[in-house]
Amino acid sequence: MVNIGQCIKTEMQRQERTVSWLARKLNCTRAAVYRLYNKNSIDTALLAQISVILNRNFFRELDEDTALLLHQ
């Protein structure tokens, strides 16, 4: 199962973005971003917002993971 928080963290590192940067973009605290990194699931509206901010479709990763689970 995809850990969406870890996927976001990995993408942030790939783009060399800071926690403070994402917190500003999301209008939240750095602590909230760190908590987000530890989540296995998040609200779809928030995931859509993060996808736009990071220019990466995280829904596609979830879809691919679901497809794999369905074919087991």
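Please read these numbers as outputs of a predicted model, since none were measured by experiment.
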Drop me the distance from [X]'s [atom1] to [Y]'s [atom2], to the nearest 0.5 angstrom.
X   : Y   : atom1 : atom2 : result
K9  : N38 : NZ    : CG    : 7.5 Å
Q6  : Q13 : CD    : CD    : 7.5 Å
E61 : T10 : CD    : OG1   : 9.0 Å
L36 : I50 : CG    : CD1   : 4.5 Å
L47 : C7  : CG    : SG    : 9.5 Å

Does one hydrophobic cluster hold both L62 and V52, with members joined at side-chain heavy-atom distances below 4.5 Å?
no
Minimum side-chain heavy-atom gap R17-L22 below 4.5 Å
no
Are the side chains of I8 and V33 in touch, meaning some heavy atoms are under 4.5 Å apart?
no
Restricting to non-hydrogen atoms, name the atom on [X] and the atom on [Y] that form the minimum distance, rounded to 0.1 Å.
X   : Y   : answer
K39 : N3  : O-OD1, 2.9 Å
F58 : E11 : CZ-CB, 3.9 Å
N57 : F59 : OD1-N, 2.9 Å
R30 : S20 : CD-OG, 3.1 Å
K25 : Q49 : O-NE2, 4.1 Å
I4  : N40 : CG2-O, 3.6 Å

Please check if atom CG in N55 has more than 12 non-hydrogen atoms from other residues, nucleotides or ligands closer than 6.0 Å.
no
Would you check if the side chain of Q15 reaches a backbone N or O of L54 as a donor-acceptor pair within less than 3.5 Å?
yes
